[in-house]
Amino acid sequence: MTSHHKTATVSIAPAETEAFATRLLRWFDRNGRHDLPWQHPRTPYRVWLSEIMLQQTQVKTVIPYFERFVAALPTLPALAAAAQDEVMALWSGLGYYARARNLQAAAQRCVERHDGELPRDLNALTGLPGIGRSTAAAILSQAWGDRHAILDGNVKRVLCRYHDIAGHPGLPAVEKQLWTHAESHLPDARMADYTQAQMDLGATLCTRSDPACVLCPLQDNCVARREGRVAELPTARPGKVVPQKHACILWLENSDGAVLMQRRPPTGIWASLWTLPQAEDAAASRAWFERALIGDYDAAEALPPIDHAFSHYRLRLHPLRLRGIALDRRVGDNDDLRWVMRDEFAGLGMPAPIRKLLES
DNA sequence: AAGTCGGGGCC
DNA sequence: GGCCCAGACTT
C-alpha cells in the first residue's frame, strides 16, 4: 500500500466539484462526439440498445451492429415479438450473447408490465435483465436528462487519475469510492450531454495508453497529472493464468451440400448459438458420429486447428470435414440439429470462429 | 470476492 | 501476444 492511497472517506471541495462538470461540458461542446448513430434520433429504445451493445465493446465495433439491429427491429415491441433466432443472428459476432437474450427478455417484460415502454425509474430499470446500475443511469440521463451518475470503464479511468486512486477499479472497495466521486461531480443541468461528455473524454483524450493530457479540460485539477502518475493509473487487473482447452468439431455435409449444425444449450459458452457438432476429444467425436450418422468416419479430412481466445480460457478447435453424410433415421432432423444450406447461414446466430470457418 | 460470459482494437 | 473495452450475473 502506497502513501497516496485514499481511504473510503472522501471530501470534495465545492469549487472543484463545479469545475469538473463545467470544464467538461465546455470541452464537450467543441470536441465531443455529437454524431453517433444512437444520438439521432435519441429515443429511449435506441439509447438502451446502444448501452447494452457497448458493454465491454468499443464504439467502432458496435456501430455497424447497431445500424443493422435497429433497421431490422426498430422498436421495443418489435424486439419483444421477434424470434429468438433472429435476435441472435443480429447479435452474431458481437460476443457476450447473454446480452442479446437479456435484451429480448427485458423487452418482453416491458410489454407485459410497462405498457411496451422502458420504465423511467432507476430501480425499475435495474430490475430488468442485463441492466445494472451504471447502464440504468446512462439510459435515464441520456434519454430523459435525469440526474444519475454513471460509472463505466471510461469514467473509472478518468476518476482514478483525477483523484489519484490506486487499486484495481474492479475491486468493490475501489468501486465504491469511485461511485462517491462520480455522484459528487454531477451538474444541475445538461445531464445527457454530461454523461456523453464523460465517455467521450475517456474514449478520446483520457485513454488507457498515451493519454492526451495537454488537451484535457481537467488537467489543472487532475492529481495524477500533477503527481506524474497518469501512466500507472488506473491500476491494472492482477494477472491470471488462462487454461488451454481443446475440442473436436465435425464439418459434415450431405449430398445436397447442406451442413449439419447443432444448437448449443441455453446456458454456458455460446449459449443458444448454432455451431458445428462439437466433442471434447476424438473418441467422443467418433462415438457421437457413429450413433447419429451414416458414413465413413475414417474418411474425414483433418483441417488445420483453429485457435480462439476467450477472456478466461483458450480454445483450440480441431475440425474434421466429411461429405456425403446422412443422418441415421433414428436421430432425425429437429429443432436443435438440422441441415443448413449455405444461403441460410446469415439468418443464424453463429460463433465468430465457426462462421469464419464455414464461410472461408 | 471470484468466476463466467466474446470478440475485436490496439499496443 | 497481452491487455482492455459504454458490465451484468452467478456462485
Side-chain angles (χ1 to χ4, degrees), chain A residues 32-33 36-39 47-66 88 91-103 105-106 125-139 141-142 149-158 167-176 178-179 182 195-204 206-211 231 234-245 264-273 275 306-315 349-356:
Chain A
R33 295 175 291 187
L36 296 169
W38 40 91
Q39 296 174 325
V47 168
W48 171 40
L49 176 61
S50 73
E51 287 302 326
I52 302 301
M53 285 188 167
L54 287 161
Q55 287 172 359
Q56 301 298 102
T57 312
Q58 296 184 350
V59 169
K60 186 177 196 173
T61 303
V62 162
I63 288 176
Y65 283 89
F66 177 86
M88 300 313 290
W91 208 269
S92 186
L94 252 191
Y96 280 147
Y97 298 95
R99 292 184 294 173
R101 286 185 291 110
N102 288 334
L103 186 76
L125 281 177
T126 306
L128 294 172
I131 301 181
R133 179 176 172 185
S134 187
T135 297
I139 293 169
S141 60
Q142 295 188 91
I150 63 167
L151 189 62
D152 60 18
N154 286 312
V155 179
K156 284 177 177 175
R157 188 169 53 255
V158 170
H168 178 58
L171 294 174
V174 178
E175 192 168 306
K176 183 180 177 185
L178 292 171
W179 271 114
T195 293
Q196 186 63 46
Q198 291 175 93
M199 304 197 233
D200 288 356
L201 184 75
T204 65
C206 196
T207 50
R208 182 167 63 90
S209 59
D210 197 24
T235 304
R237 172 192 304 279
K240 57 177 188 284
V241 185
V242 301
Q244 173 78 53
K245 300 184 180 182
R264 294 185 59 88
T267 59
I269 203 79
W270 293 332
S272 302
L273 268 60
T275 185
I306 301 165
D307 286 309
H308 193 70
F310 298 102
S311 349
H312 48 309
Y313 66 91
R314 299 178 201 291
L315 182 62
M350 292 167 41
I354 301 299
R355 186 179 297 282
K356 185 179 176 185

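What you see is a predicted model; the values in this text were computed from it and never measured. Each chain gets a letter, A, B and so on, in the order the sequences are listed, and its residues count up from 1. Values below: every heavy atom of this structure, side chains too, minus hydrogens, waters and symmetry copies.
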Is Thr57(A) reaching over with its side chain to a backbone N or O of Gln55(A), donor-acceptor style, under 3.5 angstrom?
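Yes, Thr57(A) side chain to Gln55(A) backbone: donor-acceptor pair under 3.5 Å.
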
Short question: side chain of Arg314(A), backbone of Val242(A) - any donor-acceptor pair under 3.5 Å?
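Pair absent, no side-chain N/O of Arg314(A) close to backbone of Val242(A).
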
Nearest-angstrom distance from the residue atom [atom1] of [X] to [atom2] of [N]:
| X | N | atom1 | atom2 | result |
| --- | --- | --- | --- | --- |
| Phe310(A) | dG1(C) | CZ | P | 17 Å |
| Arg264(A) | dT4(B) | CZ | C1' | 14 Å |
| Trp91(A) | dC5(B) | CH2 | P | 18 Å |
| Arg355(A) | dG7(B) | CZ | P | 10 Å |
| Lys356(A) | dG6(B) | NZ | C1' | 15 Å |
| Met53(A) | dG7(B) | CE | C1' | 14 Å |
| Arg314(A) | dC5(B) | CZ | P | 17 Å |

Roughly how many Å apart are [M] and [N], using the [atom1] atom of each and rounding to a whole number?
| N | M | atom1 | answer |
| --- | --- | --- | --- |
| dT11(C) | dG6(B) | P | 16 Å |
| dG8(B) | dC9(C) | C1' | 23 Å |
| dC3(C) | dG3(B) | P | 16 Å |
| dA6(C) | dT4(B) | P | 24 Å |

Gly95(A) or Lys60(A), whichever maps to the more 5' nucleotide of DNA chain B:
Gly95(A)

Measuring from atom CD of Gln56(A) to atom CG of Asp152(A), what distance do you get when rounded to the nearest 0.5 angstrom?
10.0 Å

Tell me whether the side-chain N/O atoms of [X] come closer than 4.0 Å to OP1 or OP2 in [N].
| X | N | value |
| --- | --- | --- |
| Tyr97(A) | dG7(B) | yes |
| His308(A) | dG7(B) | yes |
| Trp270(A) | dG7(B) | yes |

Check the angle between the aromatic planes of Phe66(A) and Trp38(A) and answer parallel, tilted or perpendicular using the 30° and 60° thresholds.
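If you compare the ring of Phe66(A) with that of Trp38(A), the planes turn out perpendicular.
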
Please work out which of the three classes, parallel, tilted or perpendicular, describes the rings of Phe310(A) and Tyr313(A), given edges at 30° and 60°.
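Answer is tilted, since the angle falls between 30° and 60°.
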
Output all residues satisfying side chain to side chain donor-acceptor pair (under 3.5 Å) with Asn154(A), sequence neighbours left out; order by chain, then residue number.
Arg157(A)

Under 4.0 Å protein heavy-atom contact, by nucleotide of nucleotides 4-11 of chain C - B base, S sugar-phosphate only
SBBBSS--

Mind checking if Gly93(A) touches a base, just sugar-phosphate, or nothing, with heavy atoms under 4.0 Å?
sugar-phosphate

Cationic tip of Arg133(A) above Trp179(A) ring, under 6.0 Å, 45° of axis:
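So Arg133(A) does make the cation-pi contact.
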
